[in-house]
Amino acid sequence: MNVFPIYRKSISGKNWYKIISDISFIEVQAIGNKYFQFEIEAKQYPEKLRIQDMIECNAFEECTEQEFNDALTLRQI
């Protein structure tokens, strides 16, 4: 059983994730010098698989709550 929230980042280092549950997460995405925030609720099977890949670090890396919050702060600047 997973204990949420779980924090991950993309291998490219341009996306940070706060996984809230098996079916929802918040993403902060860097595009150029801008940061965007998305709240995702998985409704379809492929989206749910993506969340499982994040949890299991399949093509994703662990990150800390501080790393996620730093990206979130940059989004708000």
Side-chain angles (χ1 to χ4, degrees):
M1 177 173 258
N2 296 309
V3 178
F4 297 100
I6 297 171
Y7 297 91
R8 297 290 185 256
K9 64 183 175 182
S10 64
I11 291 174
S12 69
K14 297 187 182 224
N15 304 71
W16 298 264
Y17 306 92
K18 179 179 181 178
I19 306 165
I20 300 165
S21 73
D22 288 329
I23 62 164
S24 64
F25 65 93
I26 298 170
E27 176 180 5
V28 176
Q29 183 178 69
I31 300 176
N33 62 353
K34 296 187 182 206
Y35 289 75
F36 300 91
Q37 178 181 336
F38 304 97
E39 293 187 28
I40 310 294
E41 185 173 336
K43 295 181 177 157
Q44 297 182 5
Y45 186 67
E47 297 168 325
K48 292 176 184 178
L49 284 179
R50 180 177 181 213
I51 293 173
Q52 285 305 310
D53 284 342
M54 285 191 274
I55 291 170
E56 296 169 8
C57 288
N58 294 333
F60 296 89
E61 298 177 348
E62 291 184 18
C63 77
T64 65
E65 179 179 6
Q66 185 63 50
E67 288 177 278
F68 178 84
N69 287 336
D70 288 349
L72 193 58
T73 300
L74 288 172
R75 185 195 81 77
Q76 297 171 356
I77 294 176

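Worth saying up front: this structure is predicted, and the values here are computed from it rather than measured.
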Report summary line: Between the CD1 atom in I20 and the CD atom in E41, the distance rounded to the nearest 0.5 Å is 9.5 Å
Query raised in the report: Which word best sums up how the rings of Y17 and F25 line up, parallel for under 30°, tilted for 30 to 60°, or perpendicular for over 60°?
Result: perpendicular
Report summary line: Taken to the nearest 0.5 Å, the spacing of K48 NZ from S24 OG works out to 11.5 Å
Requested in this report: Return yes when atom CD of E56 has more than 12 non-hydrogen atoms of other residues, nucleotides or ligands closer than 6.0 Å, and no otherwise.
Outcome: yes
Query raised in the report: Is there a side chain to side chain contact (heavy atoms under 4.5 Å, CB included) between L72 and W16 once you walk through the steps?
Result: CA-CA 9 Å; L72 193 58; W16 298 264; over 6 Å; no
**Report entry** Nearest-0.5 Å distance that lies between atom CD1 in I51 and atom CG in N2
**Finding:** 11.0 Å
Requested in this report: Enter the distance from K18:NZ to C63:SG here, rounded to the nearest 0.5 Å.
Outcome: 11.5 Å
Report task. Show the numbers, then the answer: is there a side chain to side chain contact (heavy atoms under 4.5 Å, CB included) between K9 and N15? Result -> CA-CA 6 Å; K9 64 183 175 182; N15 304 71; over 6 Å; no
Query - Working for salt bridge (Lys or Arg N to Asp or Glu O under 4.0 Å), residues R8 and E61 - result: CA-CA 6 Å; R8 297 290 185 256; E61 298 177 348; over 6 Å; no
Report task. Decide yes or no on side chain to side chain contact (heavy atoms under 4.5 Å, CB included) for F60 and D53, but give the supporting numbers first. Result -> CA-CA 8 Å; F60 296 89; D53 284 342; 4.2 Å; yes
Query raised in the report: Do T73 and Y35 have side-chain heavy atoms sitting under 4.5 Å apart?
Result: no
Report summary line: Rounding to 0.5 Å, atoms CD1 (I23) and NZ (K43) come to a distance of 9.0 Å
Report task. Taking the side chain as every heavy atom from C-beta outward, state whether I55 and I19 have any atom pair closer than 4.5 Å. Result -> yes
Requested in this report: Report the C-alpha separation of F36 and V28 in whole Å, then their side-chain angles, then the decisive distance to 0.1 Å, and conclude whether the side chain to side chain contact (heavy atoms under 4.5 Å, CB included) test is met.
Outcome: CA-CA 6 Å; F36 300 91; V28 176; over 6 Å; no
Report task. Group every Ile, Leu, Val, Met, Phe, Trp and Tyr by side-chain heavy-atom contacts under 4.5 Å, then state whether Y7 and I26 land in the same group. Result -> yes
Query raised in the report: Do any N or O atoms from the side chain of E67 and from the backbone of T64 form a donor-acceptor pair under 3.5 angstrom?
Result: yes
